[in-house]
Amino acid sequence: MKKFAELQYVRPDMEKIFARVSGDIAVLKEAKNYEEFRNAYMDYVEADTELETSKTVAHIRNTINLLDEFYEAEMVYFNSQMPKYEILKKEMGEVIVASPFKAEMEKEFGAILIQNMEAQKQLSDESIVDDQVKEAELVSRFMKTQAAATVEFKGEQIGNYGLLKIMQSTDRAERKEAFEAWAKLYEGIAPTLEEVYDGLVKVRAGMAKKLGFKSFIPMGYLRRRRFDYTEKELEVFRKQVREVVVPAAAKLYERQKEALGIDTLYYYDESIASPSGNPVPIGDKEYLVGEAQKMYRELSKESGEFFDFMMEYELFDLDSKHGKRAGGYCTILPQYHAPFIFSNFNGTDADVNVLTHEAGHAFAGFTAAKYQKTPELCHSTSEINEIHSMSMELWTYPWMENFFGDKAEEYRKEHLADALMKIPYMLCVDEYQHKVFENPEMTTMERRAVWSGLEKIYMPWRNYAGNEFLESGAFWIKQQHIFLYPFYYVDYAMAQMGAFEFYTKMKEDRKAAWADYYKLCAAGGSMGYFDLLKYSGLHKVLEDGSVKIILKGVFEELGL
């Protein structure tokens, strides 16, 4: 493998790929024995791996600069071709599921592979190809609108990340001014974003109807490979969060208000924990990445090998810059078993969080690739994948002095509290999406009213300081998961419970806890959600009473 910047990108010839996969399907249909059958399947896996790698390279380079016309055109090409490819994959799955060699496939690759194929069968159809292309176009419009948004602040144009940093200022007047500019930035693009979301809701609801689902909710669950539970079971977790986590978070916000010495905690105060300011990294990007390499070498042999690989092939893009997509993510170049970490550093503690959270994803992908037979089996669902990342944030606590100096202990306390305090917002995002898709014909203002009502349940402390735009229920538009990945957000909350459980275990027996964590990473997506929890010794958060059990140690540490 070459360094990422040196990887040559060539647009895949989709007609050749269609022909190759069609040929593999023909062999699967006529195979006389399992060896022939398996060889045809593995040829498809090879073709699919090459295609996904090319697509991922284009995706990364597109998100690094959404204003780059070449890679924008490449993503338009993929968005037009992939729905047709998904139909071929669906046909392959149908052949395998109906084949006399199905049992042998299941024995070698696991039951989850067959479940994924059965899901693909329900999700792909010629009737929705145009809808899928439209959905991708709307998603692209959202990303470009958000990435290009700036607002004037103290005589210069500043984007989202610059303002979020200033909203952590120790000067409350400056925080308020930055908050008002941040709200103005989103108010300026709200008409476009809400129009885009309306289009996404309607196109997704339309696809669900064409495919025979009662609404987009079960279709969205199937897209996320939620085979073990439905929205009904998820309500058990929501109820526990409302009863256990919301009151605990409210106490922590009350403490924060007292620590800041203010009468009312406004939204622009939520992101600063003490009057002296949040701990900030003591070095620049190069320093932080260098310290991360030392840290991962000391954490374990496995994590050291992983991060050395990331460094050797320069598998990062961390700087915030104009035209870059918002947020952070980790993805994988499957042909090379190479993770890639994307972020927007802004000089806050979030930069360190990226080097632990996204590196947790990357470590899990790198590890699973050693043990799993196909790239598909390297990645589980988000409820598990986010355990990898959130646990890594906690595994790295002993090294925080290297990043924050004498503020390290303050960082650890604030980070642990913040992890708990974020959970109600995650559930708010999740329930909002369910309510939207229960009634996809809602108007923009009706959606805002839904959000506003849910905020009062999940975040009763939230106060927008009289900002009419945010008080109208518009805050949700800043959450890109709602646009890009429907129903992907409660996963963070469910996974945080697994991370908290690992945290309690690592304090009791660090070596045994790492063994269980490594097992979970190595298993990738070779089992279902519930089976992976059991395999690594974790509770099911969808069982009533489990949240209180899981949080016992964290509550004790936080004095709750």
Side-chain angles (χ1 to χ4, degrees), residues 112 221 224-252 360 364 380-395 415-431 433-434 454 457-459 487-509 512-517 519-521 523 525 527-560:
I112 198 74
Y221 273 47
R224 301 217 59 77
R225 292 191 289 155
R226 291 181 181 173
F227 302 140
D228 293 355
Y229 65 94
T230 68
E231 62 267 37
K232 184 181 176 183
E233 286 79 29
L234 187 59
E235 176 54 32
V236 175
F237 179 54
R238 281 202 203 116
K239 179 173 177 285
Q240 292 180 87
V241 168
R242 290 193 296 265
E243 293 176 354
V244 178
V245 183
V246 170
K251 284 181 187 176
L252 290 170
S380 183
T381 54
S382 306
E383 300 94 329
I384 292 293
N385 296 339
E386 297 299 344
I387 295 177
H388 304 146
S389 56
M390 290 170 157
S391 297
M392 187 62 86
E393 294 179 45
L394 303 171
W395 275 113
H415 181 273
L416 189 66
D418 186 59
L420 184 68
M421 291 155 81
K422 282 177 178 171
I423 289 172
Y425 172 71
M426 295 167 182
L427 273 292
C428 190
V429 169
D430 178 67
E431 190 164 345
Q433 293 183 85
H434 281 79
L454 290 170
I457 295 169
Y458 288 101
M459 297 175 287
F487 300 119
Y488 179 12
Y489 214 62
V490 70
D491 321 55
Y492 287 111
M494 295 165 78
Q496 186 67 71
M497 296 297 159
F500 281 148
E501 198 162 4
F502 269 130
Y503 180 61
T504 301
K505 289 182 175 188
M506 64 181 81
K507 288 196 294 180
E508 294 167 356
D509 185 338
W514 178 262
D516 283 341
Y517 175 73
K519 260 175 63 176
L520 182 66
C521 292
M527 292 178 249
Y529 172 49
F530 288 167
D531 287 340
L532 283 166
L533 290 177
K534 185 177 180 182
Y535 180 67
S536 52
L538 299 174
H539 280 83
K540 290 181 186 177
V541 298
L542 301 184
E543 290 180 355
D544 199 22
S546 60
V547 168
K548 192 173 282 188
I549 294 167
I550 290 166
L551 290 177
K552 184 175 182 290
V554 173
F555 276 11
E556 286 173 3
E557 185 162 336
L558 293 173
L560 292 169

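Here the structure is a predicted model, which means the values were calculated and not measured.
Distance check, rounded to the nearest 0.5 Å: NZ of Lys552 to CZ of Phe555 gives 12.0 Å. Interatomic distance, Asp228 CG to Leu533 CG, rounded to the nearest 0.5 Å: 8.5 Å. Between the CZ atom in Phe487 and the CG atom in Leu234 there is a gap of 10.0 Å [rounded to 0.5 Å]. The structure places OH of Tyr492 at 14.5 Å from CG of Leu427, a figure rounded to the nearest 0.5 Å. In this structure, Ser380 OG and Ile387 CD1 are separated by 8.5 Å, a value rounded to the nearest 0.5 Å. Atom CD of Gln496 sits about 8.0 Å away from atom CG of Leu420, to the nearest 0.5 Å.
Between Tyr517 and Trp514, the two ring planes are tilted [angle within 30° to 60°].
More than 12 heavy atoms of other residues, nucleotides or ligands sit less than 6.0 Å from atom NZ of Lys519. The neighbour count for Lys507 NZ, taken as heavy atoms of other residues, nucleotides or ligands under 6.0 Å away, is above 12.
No donor-acceptor distance shorter than 3.5 angstrom exists from the side chain of Glu233 to the backbone of Leu542, with no hydrogens or angles considered. Without hydrogens or angle criteria, Gln240 side chain to Val547 main chain gives a donor-acceptor distance under 3.5 Å. Counting only distance, with no hydrogens or angles, the side chain of Asp531 and the backbone of Tyr529 share no donor-acceptor pair below 3.5 Å. Ser536 contributes no side-chain N or O that, together with a main-chain N or O of Leu538, makes up a donor-acceptor pair within less than 3.5 Å.
Proximity of Asp491 to Arg224: side-chain heavy atoms (C-beta onward) are separated by under 4.5 Å at one or more points. At least one side-chain heavy atom of Glu557 sits under 4.5 Å from a side-chain heavy atom of Tyr503. Side-chain atoms of Ile423 and Phe500, non-hydrogen and from C-beta on, do get closer than 4.5 Å to each other. Here the side chains of Leu551 and Met497 are in contact, with some heavy-atom distance below 4.5 Å.
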>> Between Arg238 and Asp430, is the side-chain contact (heavy atoms from CB on, under 4.5 Å) condition met? List the steps.
In response: CA-CA 9 Å; Arg238 281 202 203 116; Asp430 178 67; 3.2 Å; yes
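Residues Lys505 and Glu508 are not paired through a salt bridge, judged by the lack of any N-O separation under 4.0 Å between the basic side chain and the carboxylate. Of the charged side-chain nitrogens involved, none lies within less than 4.0 Å of a carboxylate oxygen, so that Lys540 and Glu383 do not count as a salt-bridged pair. The pair Asp418-Lys422 meets the salt-bridge criterion, since a charged nitrogen lies less than 4.0 angstrom from a carboxylate oxygen.
No side-chain donor from either of Thr381 and Arg226 sits under 3.5 Å from a side-chain acceptor of the other. No donor-acceptor contact under 3.5 angstrom links the side chains of Glu501 and Thr504, judged on distance only.
Ring pair His434/Tyr221: centre-to-centre distance below 6.0 Å.
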